[in-house]
Amino acid sequence: MDRYLVFGHPVRHSKSPFIHTLFARQTQQELEYGLAEPAVDEFAQALCTFFDQGGKGCNVTVPFKEQAFTLVDRLSPRAKRAGAVNTIKLTDDGVLLGDNTDGAGLVADLKSHGVTLADSRILLLGAGGAARGALAPLLAELPSELVIANRTHTKAQQLAAEFHDLGPVTAQTYEQLAGPFDLVINSTSASLQGELPPLAPALIHTDIAIYDMMYGASDTAFISWAKQHGARQTMDGLGMLVEQAAEAFTVWRGIRPGTKQVLRELKRNLGVI
């Protein structure tokens, strides 16, 4: 039976086995999917061993995405742009192909919620790996402007300069931000600590769409804050998790699973519904 894994540290909390098991059942694919939590300095060896022992593909999560980028034989265009790999496939000719499905998953989830990206003004909070992975897919949707804001402004400036060839992307400090924005995406991990990015409440209005890449059994701190200041459409990253997994499954198996029922099952598993 074909074997797949998710590599991370820590990774015991991962919902990837749950999601991919449902995908396999839905598409009648014979595979097994497990967890691997090597020490931070043992990832390269663990990855090599997995494929030497017949592994067909894997997902890669924190903190190994940038390291995976350097370990594969070939990179997809979107992995090159992201500077990180979250999906690896062993091709028929024995090549390890590195891909990045995070941005595609984000865009797919936004569209599933009816969010219009074309000609929209988007604010992206954060300038780390999550933001980097999202930029090219977001700009491919032809927004009127994409503004990056980050606590360390120089990082936002560097990211904007790197992606400027793909569309109208700029960097601003939190103090410089002026609305209205149609969509705000929080790519920072602040919600994991119950913290908030320093965003002015005046930027929130009733017609804005709010997206937090983090998720939990209840509203994240950022989503709660946005609702308190009048936002009517708020979304967490659970749908992105499922959509990027569906994209990875498609890379591996050549068949795209449906995501709506799997997302419902995942929410039920987490106690969200």
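Source: prediction; values computed, not measured. Each residue takes its place number in the sequence, starting with 1.
Between the Thr70 side chain and the Gln67 main chain, a donor and an acceptor come within less than 3.5 Å of each other. Without hydrogens or angle criteria, Gln244 side chain to Asn86 main chain gives no donor-acceptor distance under 3.5 Å.
If you look at Phe43 and Phe64, their ring centroids are closer than 6.0 Å.
Looking at heavy atoms from C-beta onward, Leu31 lies in side-chain contact with Phe249 at the 4.5 angstrom threshold.
Side chains of Thr49 and Gln45: a donor on one and an acceptor on the other come within 3.5 Å. Between the side chains of Ser191 and Asp212, at least one donor N or O lies within less than 3.5 Å of an accepting N or O. Side chains of Gln158 and Glu162: no donor on one and acceptor on the other come within 3.5 Å.
By the salt bridge (charged side-chain N to carboxylate O under 4.0 Å, His left out) test, Arg232 is found to be paired with Asp207, residues two or more places apart in sequence or in another chain being considered.
Between Asp236 and Lys267, none of the side-chain N atoms (NZ, or NE/NH1/NH2) sits under 4.0 Å from a carboxylate O, so this pair counts as no salt bridge.
Alongside Tyr174, the hydrophobic cluster contains Leu123, Leu125, Val147, Leu177, Phe181, Val184, Leu196, Leu199, Leu203, Ile204, Ile208, Ile210, Phe222, Trp225 (criterion: ILVMFWY side chains under 4.5 Å).
Within 6.0 Å of CG in Asp93 there are more than 12 heavy atoms belonging to other residues, nucleotides or ligands.
Evaluation of the salt bridge (Lys or Arg N to Asp or Glu O under 4.0 Å) test over residues 13-32, restricted to residues two or more places apart or in two chains, returns Arg3-Glu32.
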